[in-house]
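A short worksheet on the structure shown next.
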Amino acid sequence: MEKIIELKNLTKNFGDQQVLKGINLDIHQNEFLTLLGPSGCGKTTTLRIIAGFEEPSGGEVLFDGIDISAVPPYKREVNTVFQKYALFPHMNVFDNVAFGLHIRKVDKQIVETKVRRMLDLVGLSDYENRDVTLLSGGQQQRVAIARALVNEPKVLLLDEPLGALDAKLRKEMQFELKKIQKEIGITFVFVTHDQEEALTMSDTVVVMNEGTIQQIGSPIDIYNEPENRFVAGFIGESNIIDGIMNEDFLVTFDDVQFECVDNGFPRDEPVDVVLRPEDIDIVKPEEGKLQGVVRSVTFKGVHYEIVVETRHRKYRIHTTDFCAVDTPVGLTLTPDDIHVMWKTPY
Amino acid sequence: MRHFRKLSMPYLIWCIIFILIPLVLIVLYAFTTVGNHVISLNFSLANFAKINDPTYIRVFIKSFELGVITTIICFIGGYPLAFIISRQKESVQDLLILLVTVPTWINMLLRTYAWMNILADNGIINGLLSRLGLGQVTMMYTNFSVVLGMVCNFMPFMIIPIHTSLSKMDGSLIEAAMDLGANRLQTFRMVIFRLSMPGVINGVVMVFLMAISSFVIPKLLGGGQFVLIGNLIESQFISIGDWNFGSAISTILAVLILIAMRLMKSMDLKEAEAN
């Protein structure tokens, strides 16, 4: 895939606080890329720099290979869907969507065709003359998306656009956004702090923390092969344990040696071991490699969350099988379930 | 909610005593002639007929003219100022708005007397001009001095409502407009100005109301010959003692103001619909 946006060693300071500490990122054509991280990690600032609302303190923003750091937002071939929609309250649905075309003095007939087609795409065909302030959150969201997409930007930027919607609507919009992105085939850069949202929709997830990129990868890579403790902890729930990599494919933690699928570490290197709660199997005490006692059981809908306390620590486990509190149990792990990571300062 | 309603009673009584009753009395005076007694009222339209006199009509026209000029100048000067203030940091905004209101802390009479000293034939400006050898300019007792006095007195009432509507505007709307391709001027014209219209209308109505009914400023800066509606009403009540005629003029002024406000409101609505 061809690169459309390249961020090169991007930094941003607000006062004496550095919110971006050298971001290097390639965004490709037709990619659904998500910037994911906790609030204050710099993801929104990155998006605003791409949109042109903030100037970078250092580094370059290349668009189709040309540095656009100094280009004002109204001359950029990107459009933004804002967190709180930012619809113009003095205009109806049609005029909101037509705003960008109107500015570019597009022929009236073409404006009408384009706006209609776009409202059709977001499922608001009969809403042309409605007052935007009287629409529901989900409808306003759709207008905001139509208003941005009607300008046929090369890249659509979305700043936590689903944050204000309720859970059910959010699921629907996730699905719909993905559908729209496939249909019109342009690049989406999506900002969110919701890891599930990121995993569901993205082709590429960029995990950020404290102004730096922690990992770039497909949702599956990010989930299964977190590169460090931060990513492992932020994406899904994890048990993160100190371990020693004895040799290739052999790791020891909690005084037990396990087979694993990782290699390439120096002999007896201290490492972080990640165990996903759903990967740990509960068996009879004598069948397990680790022994412990069930401390709590919480019903979570699809699964139970069980906390098992061993001699060394508490393990968080997700399982569909019920286990009574205070039952002695054993825990087993297959080599696939064990993810070994280099130690990081986190 | 219901039991809170009792708390509004004192306010209601206050409104009735100080607003509603005086209003009814003025209308009553306007439609009656001299010699009213408690039980017998002589209804008549004579007071209104009396206004249909070139002298009085001219007073009305002049008042409206100066009111409109004052409002326009306040708007042209006040909007940019309110806009600039609204672009500042919040702490700076508070300070600047405070500064805008500072003149109103000083009694209006004093401020007007100050202007008299500045504008008079032997005042500060003319003193300066003659020292520079540029000769004298008569500024006192002209439309200029009256409008200047009104503009200076009423400017804060234009700036504050406009500033309020500008500063509470959602900044992301401005970003959205620029994101969609509008340059700074287009953003201002199509979004910022349109969204500040409620503030503009409030400011315009307030300044116009005060300008058209003011009587101290024209009296001091315009001199005894300078008669606006406010002065006409004042003289009917204070020096001539024709309360009925004074009330009739007040009533007509009130009706004209109501019509003007109505027009402003409908203009705003139409503009909103047209877009």
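What you see is a predicted model, and the numbers here were worked out from it, not measured in a lab. Computed from heavy atoms alone, side chains included, the values below leave out hydrogens, waters and symmetry copies. Here is the naming used below: chain letters follow the sequence lines, and residue numbers restart at 1 for every chain.
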Worksheet item: Would you find more than 12 non-hydrogen atoms of other residues, nucleotides or ligands less than 6.0 Å from A:F14 atom CZ?
Response: yes
Item to complete: Using non-hydrogen atoms and a 4.5 Å limit, figure out which bit of A:N151 sits close to chain B: side chain, backbone, both or neither.
Response: side chain
Practice prompt. Below 4.5 Å from any heavy atom of chain B, which atoms of A:R48 appear? Answer side chain, backbone, both or neither.
Written response: side chain
Worksheet item: More than 12 heavy atoms of other residues, nucleotides or ligands under 6.0 Å from CZ of A:R104: is that the case?
Response: yes
Worksheet item: For the residue pair B:D179 and A:A51, what are the closest heavy atoms and their distance?
Response: OD1-CB, 4.5 Å
Worksheet item: Above 12 or not: heavy atoms from other molecules or residues under 6.0 Å from CD of A:Q109?
Response: no
Worksheet entry | Region of A:F99 in contact with chain B, defined by heavy-atom distances below 4.5 Å | side chain
Practice prompt. First locate atom NE2 of A:H90, then atom CE of B:M197, and finally report the distance between them rounded to the nearest 0.5 Å.
Written response: 11.0 Å
Worksheet entry | Sorted by number, residues from residues 59-80 of chain B in contact with chain A (heavy atoms, under 4.5 Å) | none
Item to complete: State whether the number of non-hydrogen atoms from other residues, nucleotides or ligands found under 6.0 Å of B:Q88 atom CD is greater than 12.
Response: yes
Worksheet entry | Minimum heavy-atom distance between A:P89 and B:L195, given as atom pair plus value | CG-CD2, 3.5 Å
Worksheet item: If you measure from NE2 on A:H102 to CD on B:Q186, what distance do you get to the nearest 0.5 Å?
Response: 9.0 Å
Discussion item. Just to be sure I understand the criterion: a residue of residues 168-178 of chain B counts if one of its heavy atoms is under 4.5 Å from a heavy atom of chain A. Which ones qualify?
Written reply: B:S172, B:L173, B:E175, B:A176, B:A177, B:M178
Worksheet, complete the sentence: Cut-off 4.5 Å, heavy atoms of chain B, and the answer for A:L87 is backbone
Item to complete: Please determine which of A:L101, A:N79, A:I103 meets the side chain to side chain contact (heavy atoms under 4.5 Å, CB included) test together with B:L180.
Response: A:N79
